[in-house]
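Report on the structure given below.
In each ligand, atom 1 is the first atom listed, and ligand 1 is the first ligand listed. Heads up: numbering here begins at 1 and tracks the sequence.
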Amino acid sequence: MTTQKPGLFIAFEGGDGAGKSTQAARLAEALADRGLTVLRTREPGGTPIGEKLRSLVLDHGHGHIDARTEALIFAASRAAHAEQVIRPALLRGETVLTDRYIDSSVAYQGAGRDLGTEAVRSLNEWATGMLAPDLTVLLDVDPSDGRRRRTANDGLEDRLESEADEFHTRIREAFLELAASRPDQYLVLPAGLPIDTLAEQILARVLALRAARDTLVP
Ligand code: TYD
């Protein structure tokens with residue numbers, strides 16, 4: 001499944017504390033230096049309604065949120081993001097980098113919350129009209145390393161981050177299974193590699209994809 005659009009759609013995925021935002025920023029800078037128009041965005045969020053949904057689902061203090069409600073809030077945020085932001089940018093020929101996409105719901109709600117990965121996938125394919133990334137960069141992080149890295153700054157964790165390590169281990173396994181099921185669609189890298197090494201490997205893969213696309217679509 002590809003976007004079939006002139007632009008290129010790259011998703012960054014991985015457990016909390018994997019360093020996705022750092023790598024998305026590095027890639028955006030490197031691609032912009034090469035003259036490409038890059039749109040950097042994130043989930044949940046990316047639109048005004050999505051940012052409201054983000055605070056509903058991540059902030060503590062909204063009372064109990066059951067697993068199905070949680071999955072639907074993430075999917076609603078994603079529907080707006082795909083329709084209002086990602087698809088239009090791809091149609092304009094831009095390179096879209098998103099910090100998290102459908103795989104996050106499949107891993108966190110499907111596996112982590114035990115709603116079933118297939119049910120969550122089909123909900124999200126419906127929500128996005130089957131808009132799939134051309135490449136997913138998976139930064140694989142051990143849950144205890146991830147917790148150490150993300151609490152190093154302020155020590156604060158959101159609703160999902162504060163779940164037990166066992167929850168995060170199920171998520172890690174789900175991400176790795178997704179990548180193993182479609183290896184050509186993924187670049188899997190250990191999150192613990194030096195930042196520059198990760199950035200170089202990600203850039204090389206994206207430039208190769210861009211070149212292949214330019215050969216196919218003159
Ligand atoms: P993220 O924005 O990566 O965290 P932060 O910016 O605070 O580092 O993601 C927020 C949390 O939401 C993260 O724990 C993963 C979770 N999440 C889901 O459970 N399902 C989803 O579909 C998405 C997009 C995120």
Counting both backbone and side chain atoms, is some N or O of R78 under 3.5 Å from an N or O of ligand 1?
->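 So ligand 1 has an N or O lying under 3.5 Å from an N or O of R78.
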Would you check the N or O atoms of Q109, main chain and side chain alike, for any that come under 3.5 Å of an N or O of ligand 1?
->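 The answer is yes, given that Q109 and ligand 1 share an N or O pair closer than 3.5 Å.
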From atom 2 (O) of ligand 1, work out which of R100, E157, R54, R113 has a heavy atom at the shortest distance.
->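 Among R100, E157, R54, R113, the closest heavy atom to atom 2 (O) of ligand 1 belongs to R54.
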Under 4.0 Å from any heavy atom of [X], which atoms of ligand 1 are there?
X	answer
L160	14 (O), 16 (C), 19 (O)
D158	7 (O), 10 (C), 11 (C)
P44	24 (C), 25 (C)

Carboxylate-amine/guanidinium contact R42 E51, below 4.0 Å |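 Salt bridge flag = yes for E51 with R42.
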Are D134 and R210 ion-paired here, with the side-chain N under 4.0 Å from a carboxylate O?
->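 Salt bridge flag = no for R210 with D134.
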Nearest to [atom], what protein heavy atom do you find, and at what distance?
atom	result
atom 8 (O) of ligand 1	E161 OE2, 3.6 Å
atom 13 (C) of ligand 1	D16 OD1, 3.1 Å
atom 21 (C) of ligand 1	F74 CD2, 3.3 Å
atom 22 (O) of ligand 1	S105 OG, 2.6 Å

Dump the intermediate steps for ring pair (Phe, Tyr, Trp, His ring centres under 6.0 Å) on Y108 and F74, then the final yes or no.
-> CA-CA 10 Å; Y108 281 78; F74 281 116; 7.8 Å; no
If we ignore angles and hydrogens, is there a donor and acceptor under 3.5 Å between the side chains of T151 and E157?
->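 No donor-acceptor contact under 3.5 Å links the two side chains.
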Location of contacts on L58 toward ligand 1, heavy atoms closer than 4.0 Å =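 The answer is the side chain of L58.
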Which residues share a side-chain contact (heavy atoms from CB on, under 4.5 Å) with H60, sequence neighbours left out =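 Listed in chain order: R159, S162.
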Quick one: pull up CD in Q185 and CG in L209 and give me the separation to the nearest 0.5 Å.
->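 Q185 CD to L209 CG: 9.0 Å, rounded to 0.5 Å.
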Enter the distance from L198:CG to L27:CG here, rounded to the nearest 0.5 Å.
->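 It comes to 12.0 Å.
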Considering residues, nucleotides and ligands other than I195, do more than 12 of their heavy atoms fall under 6.0 Å from its CD1?
->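 Counting neighbours around CD1 of I195, 12 or fewer heavy atoms of other residues, nucleotides or ligands fall under 6.0 Å, so no.
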